[in-house]
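Since this is a predicted model, take the numbers as computed values, not measurements.
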Amino acid sequence: MVRYAAAAVATNPEKTSRARGEYLRTHFKNMREVAAALTGLKLTKAYSYLSDVKDHKRVIPFRRFSGGVGRTGQAREFKTTQGRWPEKSIKFILRLLKNAEANADAKNIDVEDLTIKSIVVQQAPKTRRRTYRAHGRINPYQGHPTHVEIILAASDVEVEKATDAVSTSSLSGLNRRQVARRRIEAARA
């Protein structure tokens, strides 16, 4: 059994499903931006969003790795100016989402309730090749593959906060010295 980087996020294993891909041959920077755009979405919304990106109807906003990324009007939806349509990264993430959905189905979790709780993207070891330059020189020609982990979670039933103001302790919100002083005063009385 492999260890997931975001295992702490999945607090209730009966309500979560996971999928992971290792050494995926797609650019790390593109995959990171796709993951940031998808985290927190419902699974059905994520599928429709990715199909729109594939058809160039919507864009993946590029926020961190945005050097040299062109501007597009579609990025206004996300309050930014730069964005791309990274097809290869979308292809890999769609496969992983489908796998995580199948894992949830095997656990008898309702697929309609699933949300993308966490997507962890990490750099895999670079693949090394060489390219030949002028005057007999050789430069590195490296790929930047990724490891990706996806955790889907069924939405929990939200419980409303209690309205009655029952304070558990009169010492909450005090520092150590104030708590010690209150204890001493209580012991004297």
Side-chain angles (χ1 to χ4, degrees), residues 1-69 75 77-78 80 82-129 140-158:
M1 191 77 183
V2 291
R3 192 178 141 282
Y4 276 72
V9 174
T11 53
N12 188 356
E14 291 86 34
K15 292 276 188 180
T16 59
S17 69
R18 307 180 300 185
R20 64 187 283 141
E22 297 177 338
Y23 306 100
L24 303 178
R25 292 198 60 184
T26 179
H27 292 284
F28 161 73
K29 292 182 178 183
N30 288 350
M31 188 63 93
R32 185 261 165 207
E33 299 293 349
V34 172
L38 291 178
T39 302
L41 289 181
K42 282 200 142 322
L43 188 62
T44 51
K45 281 192 176 180
Y47 281 142
S48 64
Y49 174 52
L50 289 176
S51 70
D52 285 348
V53 171
K54 201 184 282 188
D55 297 336
H56 287 241
K57 292 178 186 167
R58 293 175 75 187
V59 75
I60 299 286
F62 273 56
R63 292 197 167 95
R64 179 172 299 166
F65 300 111
S66 58
V69 175
E77 174 188 352
F78 305 100
T80 185
Q82 295 173 297
R84 280 184 175 166
W85 303 267
E87 295 182 12
K88 198 169 177 187
S89 296
I90 286 170
K91 182 180 80 171
F92 280 109
I93 212 129
L94 267 173
R95 285 183 190 169
L96 286 172
L97 285 172
K98 284 209 170 34
N99 182 234
E101 181 184 356
N103 292 343
D105 196 35
K107 284 183 167 183
N108 296 324
I109 301 171
D110 188 20
V111 179
E112 300 298 319
D113 293 342
L114 289 176
T115 56
I116 300 172
K117 190 83 166 175
S118 164
I119 303 180
V120 177
V121 179
Q122 295 173 328
Q123 296 182 49
K126 293 180 175 65
T127 57
R128 298 187 66 89
R129 289 182 287 170
Y141 202 70
Q142 297 180 335
H144 297 80
T146 65
H147 302 310
V148 182
E149 303 174 355
I150 295 179
I151 295 180
L152 303 179
S155 54
D156 294 327
V157 178
E158 293 185 15

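- Thr80 and Pro61 make their closest contact through CG2-CB, 3.7 Å (heavy atoms, listed as atom of the first residue, atom of the second, distance).
- In this structure, Pro140 and Arg128 approach most closely via the heavy-atom pair CB-NH2, 4.3 Å.
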Could you pull out every donor-acceptor pair under 3.5 Å between side chains of residues 92-106 and any protein atom, sequence neighbours left out?
from, atom 1, to, atom 2, distance (Å)
Glu101, OE1, Tyr47, OH, 2.6
Asn103, ND2, Arg18, O, 2.7
Asn103, ND2, Asn99, O, 3.4

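- A distance-only check finds a donor-acceptor pair linking the side chain of Gln82 to the backbone of Ser66 [under 3.5 Å].
- Rounding to the nearest 0.5 Å places NZ of Lys29 at 11.0 Å from CZ of Arg64.
- At least one donor-acceptor pair under 3.5 Å links the side chain of Glu149 to the backbone N or O of Ala5.
- For the atom pair NE2 (His144) and CD (Gln123), the distance works out to 7.5 Å, reported to the nearest 0.5 Å.
- When all heavy atoms are compared, the tightest approach of His147 to Pro125 is NE2-CD, 4.2 Å.
- A 6.0 Å sphere centred on NZ of Lys42 holds more than 12 heavy atoms belonging to other residues, nucleotides or ligands.
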(Q) Does Val59 form a side-chain contact (heavy atoms from CB on, under 4.5 Å) with Phe78? I'd like the steps, not just the answer. (A) CA-CA 9 Å; Val59 75; Phe78 305 100; 4.2 Å; yes

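- Side-chain atoms of Thr146 never come within 3.5 Å of backbone atoms of Val121 as a donor-acceptor pair (strictly under, hydrogens ignored).
- One distance of note links OG of Ser17 with NZ of Lys117; it measures 12.5 Å at 0.5 Å rounding.
- Within a 6.0 Å sphere centred on NZ of Lys107, heavy atoms belonging to other residues, nucleotides or ligands number more than 12.
- The structure places CD of Glu14 at 12.0 Å from CG of Asn108, a figure rounded to the nearest 0.5 Å.
- Taking CD1 of Ile119 as the start and OG1 of Thr39 as the end, the distance is 4.5 Å to the nearest 0.5 Å.
- Distance alone, capped at 3.5 Å, is enough to place a donor-acceptor pair between the Lys88 side chain and the Arg25 backbone.
- For His27, the NE2 atom is loosely surrounded, since the number of other residues' heavy atoms within 6.0 Å does not exceed 12.
- Note: Ile60 CD1 to Met31 CE = 10.5 Å, rounded to the nearest 0.5 Å.
- For Tyr141, the OH atom is loosely surrounded, since the number of other residues' heavy atoms within 6.0 Å does not exceed 12.
- Nearest approach of Ser51 to Ser48, heavy atoms of both residues: OG-O, 2.8 Å.
- Under a 3.5 Å cut-off, the side chain of Tyr49 and the backbone N or O of Thr44 do not form any donor-acceptor pair.
- Note on ring orientation: taking the six-membered ring where Trp is involved, the planes of Trp85 and His56 are parallel (angle under 30°, cut-offs 30° and 60°).
- Between Ile116 and Leu152 there is a side-chain heavy-atom pair separated by less than 4.5 Å.
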